[in-house]
Amino acid sequence: MPAPAQIRPLAAPDTPALRDLRLAALAEAPRAYGSSLQEEEALGLDHFLRLAEADEKGAVLGAFAEGRMVGMTCISQYGKLKARHKAVIWGVYVGPEHRGRGLARQLLQAALARAASMPGVRRVHLTAAADNTAAIALYTALGFVQYGREPESLCVDGELIDEVLMSCVLR
């Protein structure tokens with residue numbers, strides 16, 4: 001049985017692993033993300049370093065198993081004064097060989113806990129491709145409720161993809 005994964009905020013030394021895992025996510029599941037592999041391959045390590053440096057308004061959380069980063073998600077508080085009571089989770093990914101172990105759930109729980117520690121945050125949003133039933137089921141199990149659907153939200157290789165909009169009130 002594999003050792004349990006460690007979930008923690010990333011730091012500067014994690015930058016190369018973050019870039020590698022993000023590019024793997026975009027290559028494997030292009031329909032699941034608003035960014036593309038082509039766009040992010042062109043970004044330098046400095047972009048990923050800025051993501052990896054957590055602060056009070058956001059963090060990238062990594063799941064580490066067997067000595068390497070195998071999963072990730074991001075949590076960011078909205079920056080505008082009128083929207084600072086909200087945060088957004090994005091970029092949820094667990095490598096295929098580590099799925100089915102509850103890592104996505106652990107990452108999301110850690111992101112929700114992080115959001116709860118952000119001053120003034122009371123609601124967390126996320127989106128999912130409308131046909132990603134596994135993700136939607138997990139988000140629902142964690143207290144997210146669908147409040148809308150954006151038709152044709154993404155266009156991937158000519159395919160138009162609807163996204164569901166989900167929200168969770170922190171307790």
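We count residues from 1, following the sequence as given.
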A.B. asks: Less than 4.0 angstrom from a charged side-chain N to a carboxylate O is my criterion; do Asp157 and Arg31 meet it?
C.D. replies: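 No, this pair does not count.
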A.B. asks: Please confirm whether the backbone N or O of Ala25 pairs with a side-chain atom of Glu28, one donor and one acceptor, at under 3.5 Å?
C.D. replies: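 No, because the side chain of Glu28 does not come within donor-acceptor range (under 3.5 Å) of the backbone of Ala25.
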A.B. asks: Examine Val60 and Ile7 and state if one hydrophobic cluster contains both, with Ile, Leu, Val, Met, Phe, Trp and Tyr joined whenever side-chain heavy atoms are less than 4.5 Å apart.
C.D. replies: no
A.B. asks: Check whether any side-chain heavy atom of Met69 sits under 4.5 Å from a side-chain heavy atom of Leu18, and report yes or no.
C.D. replies: yes
A.B. asks: Can you pull the salt bridge (charged side-chain N to carboxylate O under 4.0 Å, His left out) pairs that have at least one residue in residues 74-96, sequence neighbours excluded?
C.D. replies: none
A.B. asks: If you define the side chain from C-beta out and look only at heavy atoms, does anything of Arg105 sit under 4.5 Å from Leu142?
C.D. replies: yes
A.B. asks: Are side-chain heavy atoms of Phe64 and Leu10 found at a separation under 4.5 Å?
C.D. replies: yes
A.B. asks: May I have all residue pairs that pass ring pair (Phe, Tyr, Trp, His ring centres under 6.0 Å) and include part of residues 84-105, sequence neighbours excluded?
C.D. replies: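 Output for this query is empty, none listed.
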A.B. asks: Under the criterion side chain to side chain contact (heavy atoms under 4.5 Å, CB included), I'd like the reasoning laid out for Leu170 against Arg123: C-alpha separation, chi angles, the key distance, then a yes or no.
C.D. replies: CA-CA 6 Å; Leu170 297 175; Arg123 183 173 290 276; over 6 Å; no
A.B. asks: Answer yes or no: is there a donor N or O on one side and an acceptor on the other, between the side chain of Glu53 and the main chain of Ala59, under 3.5 Å?
C.D. replies: no
A.B. asks: For the pair Ile89 and Thr73, evaluate side chain to side chain contact (heavy atoms under 4.5 Å, CB included) and give the outcome as yes or no after the intermediate values.
C.D. replies: CA-CA 7 Å; Ile89 290 175; Thr73 194; 3.4 Å; yes
A.B. asks: According to salt bridge (charged side-chain N to carboxylate O under 4.0 Å, His left out), does anything in residues 138-149 pair up with another residue at least two apart or in another chain? List the pairs.
C.D. replies: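 Every pair satisfying salt bridge (charged side-chain N to carboxylate O under 4.0 Å, His left out) with a residue in residues 138-149: Arg149-Asp162.
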A.B. asks: Taking 4.0 angstrom as the limit, do Arg68 and Glu97 come out as a salt bridge?
C.D. replies: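 Judged by the 4.0 Å cut-off on N to carboxylate O distance, Arg68 and Glu97 do form a salt bridge.
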A.B. asks: Can any side-chain N or O of Asp14 pair as donor or acceptor with the backbone N or O of Ala17 at less than 3.5 Å?
C.D. replies: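 Not at all, since once roles are kept as given, no pair shorter than 3.5 Å links the two residues.
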A.B. asks: Let me see the working for Leu107 and Val92 under side chain to side chain contact (heavy atoms under 4.5 Å, CB included), right down to the final yes or no.
C.D. replies: CA-CA 8 Å; Leu107 283 163; Val92 180; 5.6 Å; no
A.B. asks: Strictly distance-based, threshold 3.5 Å: is any side-chain N or O of Ser117 a donor or acceptor partner for the main-chain N or O of Arg114?
C.D. replies: yes
A.B. asks: Keeping to residues at least two apart or across chains, list the ring pair (Phe, Tyr, Trp, His ring centres under 6.0 Å) pairs with something in residues 126-159.
C.D. replies: His125-Tyr147
A.B. asks: Within the structure provided, determine whether Ile161 and Glu152 are in side-chain contact (heavy-atom separation under 4.5 Å).
C.D. replies: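 No, too far: nothing below the 4.5 Å cut-off.
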A.B. asks: With side chains defined as the heavy atoms from C-beta onward, is the minimum distance between Thr127 and Val164 less than 4.5 Å?
C.D. replies: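 With C-beta onward as the side chain, the pair stays apart.
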A.B. asks: Please lay out, stage by stage, how Val169 and Val124 fare under the test side chain to side chain contact (heavy atoms under 4.5 Å, CB included).
C.D. replies: CA-CA 6 Å; Val169 175; Val124 178; over 6 Å; no
A.B. asks: With rounding to the nearest 0.5 angstrom, report the OG to CG distance, Ser35 to Leu43.
C.D. replies: 7.0 Å
A.B. asks: For residues 23-52, pull every pair meeting ring pair (Phe, Tyr, Trp, His ring centres under 6.0 Å), keeping only residues two or more places apart or in separate chains.
C.D. replies: none
A.B. asks: My understanding is that only residues two or more places apart in sequence, or in another chain, count here; which of them pass side-chain hydrogen bond (donor to acceptor under 3.5 Å, both in side chains) with Thr15?
C.D. replies: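 None.
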A.B. asks: How long is the span from the CD1 atom in Ile136 to the CD atom in Glu163, to the nearest 0.5 Å?
C.D. replies: 9.5 Å
